[in-house]
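For clarity, every value in this text was computed on a predicted model and none was experimentally measured.
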Amino acid sequence: MRRFYLQHERAILGAVGIIAFLILWEGFARGWWAELLQPLLGPQAARLQLRPIFISSPTRIARAAFDMIFVTGAIWKDFGWSGLEFTLGVALALAIGIPLGLAAGWYRRLSYAVEPFLTALNATPQVAFLPLLILWVGTGLACRVLIIVLLAVLPIAIGAVAAVRTVDARLIRVARSFSANDALLFRSIILPSSVPFLLAGARLAVGRGMIGIVVGEIYGSAAGIGAMMNQAGSRFETDKVFVGVLAIAVAGVGLVEGLRRIERRVEAWRPQVAA
Amino acid sequence: MTARPKLEAQDIRLSYLQPRTGTALAALDGVNLQIMEGEFVAIVGPSGCGKTTFLSVVDGLIAATAGRVLVDGEAVTRPGPDRAVVFQDASLLPWRTVLGNVRYGLECLGVAAREAGARAEKLVALVGLSGFEHHYPHELSGGMQQRVNLARALVVDPKILLMDEPFAALDAQTRELMQEELLRIWAAAKKTVLFITHQIDEALYLADRVVVFSGRPGKVKDSIAVDIERPRPIGVKRQARFHALEDRIWELIEEDVKTKAREDRHARA
């Protein structure tokens with residue numbers, strides 16, 4: 001018994017934390033804590049019952065999620081739209097960020113020209129560009145994709161610059177000494193040693209892409225997880241808003257885990273660092 | 001009639017522009033050197049005398065400010081398959097296995113995959129790493145990493161092997177073992193070798209001829225033939241003749257080493 005606990009300590013304590021939190025939440029919505037503390041606090045205890053319209057509750061959220069997934073199926077359409085925006089946005093961000101970052105890391109002069117933009121863009125909240133994007137391309141799919149690109153491209157490009165900068169100069173000498181041409185040097189030395197940086201950039205990009213989904217769908221979007229949350233919020237359908245939050249969290253965790261799997265496979269050669 | 005040297009350095013000069021002060025710093029000041037086919041030549045000199053820089057010029061990684069390097073009478077302008085470097089730090093590709101690292105040079109030269117694999121396996125065996133083909137560099141000891149480094153250079157079948165203090169980072173026992181191994185491999189592979197080291201005994205034990213560099217800017221101070229017959233068991237290092245040569249080279253270097261130490265103290269004060 002004790003052995004079982006020690007072996008799974010992390011999972012057990014994590015589950016206990018989550019369950020305790022859910023019970024606490026449910027109790028506020030159902031007035032359990034108000035009833036329980038009535039003898040102690042008197043009329044003040046009524047304050048511990050919170051209106052579900054504001055905080056919803058785990059059971060309500062579960063019911064709403066069940067409805068949206070299996071009964072009405074409404075969430076799939078939103079998921080599809082957001083997924084499309086996210087895929088296009090992140091793919092574009094990778095297609096721009098990786099070549100740009102690698103080139104800026106390799107060619108010093110290009111980095112001098114590009115770095116001011118990266119630094120400035122990194123220092124501003126990119127969602128500030130949303131009004132401009134709407135002016136330029138309207139509130140359609142293009143706008144939502146572009147805001148995701150804008151958010152996701154930075155960590156990717158910055159990661160790629162750092163990747164090239166930290167390539168072991170001795171390995172470049174080895175390649176040069178064996179008369180490797182630039183293409184081979186890139187393929188055999190720079191790319192393999194860049195992998196951890198590129199994947200770290202991609203991980204950050206996933207999180208920022210999720211922000212892009214929500215923010216981009218605030219204006220004039222009829223479908224998508226962010227739009228659904230926005231509409232549900234304005235109708236005080238708190239349950240649905242939480243379902244949206246959960247959906248994004250699950251998708252984000254899933255994608256990051258996927259990237260971690262890729263990393264583990266590509267980086268299998270790396271010595272295991274003791275935890 | 002004298003034979004044409006395999007490798008010839010003619011009055012190699014090299015100076016850097018120091019970005020901070022804007023003045024030129026001379027690293028090599030007219031190096032002349034001739035190495036015959038199959039000869040093992042070691043260069044010794046105080047640290048910072050430009051030995052490694054000279055090796056990079058011979059490899060073609062750095063262009064000399066003046067002078068030229070000839071291999072079989074032809075001028076060297078860039079790295080080529082006739083020369084291969086055994087680097088100071090093993091500088092192995094950490095994401096490749098032993099076999100993958102040894103193949104690397106062949107891949108750079110565009111050798112077909114199947115042939116590259118076969119040649120690499122032969123070299124892995126020659127340097128005594130059979131059974132470790134699929135190990136990653138971090139799983140190897142320093143000495144084993146240098147064996148891979150050596151195999152990687154030998155596999156392209158260069159005419160000239162350029163060795164840049166390959167055993168400097170190894171502990172004393174491993175170093176002696178590797179020196180013996182190198183002589184065995186050299187006897188088997190029959191290469192012309194230019195070996196850089198700061199250790200006089202290493203240079204004497206390995207080489208047919210020891211070239212002494214003077215301190216910065218580097219140039220050839222003297223060239224000493226090592227008339228100790230081969231094969232050389234490690235015990236020759238304890239012979240009186242060996243010690244006599246050691247003393248002679250030390251005398252040549254001593255003044256430069258002391259000057260350098262004085263300059264370093266001065267620079268730090």
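Between B/Phe87 and A/Arg173, the closest side-chain pair of non-hydrogen atoms falls below 4.5 Å.
Of the two parts of B/Leu61, only the side chain, counted from C-beta on, holds a non-hydrogen atom closer than 4.5 Å to a non-hydrogen atom of chain A. Residue B/Val85 touches chain A through both its backbone and its side chain, counting heavy-atom pairs closer than 4.5 Å. Only the backbone of B/Leu92 has a heavy atom closer than 4.5 Å to any heavy atom of chain A. Only the side chain of B/Ser56 comes within contact range of chain A, with heavy atoms under 4.5 Å apart. Within the 4.5 angstrom heavy-atom criterion, only backbone atoms of B/Glu107 (N, CA, C, O) approach chain A.
Of the inter-residue distances, the one linking A/Trp269 atom CH2 with B/His138 atom NE2 reads 7.5 Å to the nearest 0.5 angstrom.
For the set A/Leu171, A/Val266, A/Val195, the count of heavy-atom pairs under 4.5 angstrom toward chain B peaks at A/Leu171. Comparing B/Gly110, B/Cys108, B/Gly80 by heavy-atom pairs within less than 4.5 Å of chain A, the highest count is held by B/Cys108.
Against chain B, no residue from residues 104-126 of chain A qualifies, as none has a non-hydrogen atom under 4.5 angstrom away. Annotation: residues 174-194 of chain A contacts chain B through A/Val174, A/Ala175, A/Arg176, A/Ser177, A/Phe178, A/Ser179, A/Ala180, A/Leu184, A/Ser188, A/Ile189, A/Pro192, A/Ser193 [non-hydrogen atoms, separation under 4.5 Å].
For CZ of B/Arg68, the number of neighbouring non-hydrogen atoms (other residues, nucleotides, ligands) closer than 6.0 Å is 12 at most. In the displayed structure, B/Glu139 atom CD is contacted under 6.0 Å by more than 12 heavy atoms of other residues, nucleotides or ligands. The environment of CH2 in A/Trp81 is sparse: at most 12 heavy-atom neighbours from other residues, nucleotides or ligands sit within 6.0 Å. The 12-atom threshold is not exceeded at CZ of B/Arg78, counting heavy atoms of other residues, nucleotides or ligands nearer than 6.0 Å.
Qualifying salt bridge (Lys or Arg N to Asp or Glu O under 4.0 Å) partners for B/Asp171, counting only residues two or more places apart in sequence or in other chains: none. For B/Glu39, the salt bridge (Lys or Arg N to Asp or Glu O under 4.0 Å) partners at least two apart in sequence or on another chain are B/Arg209.
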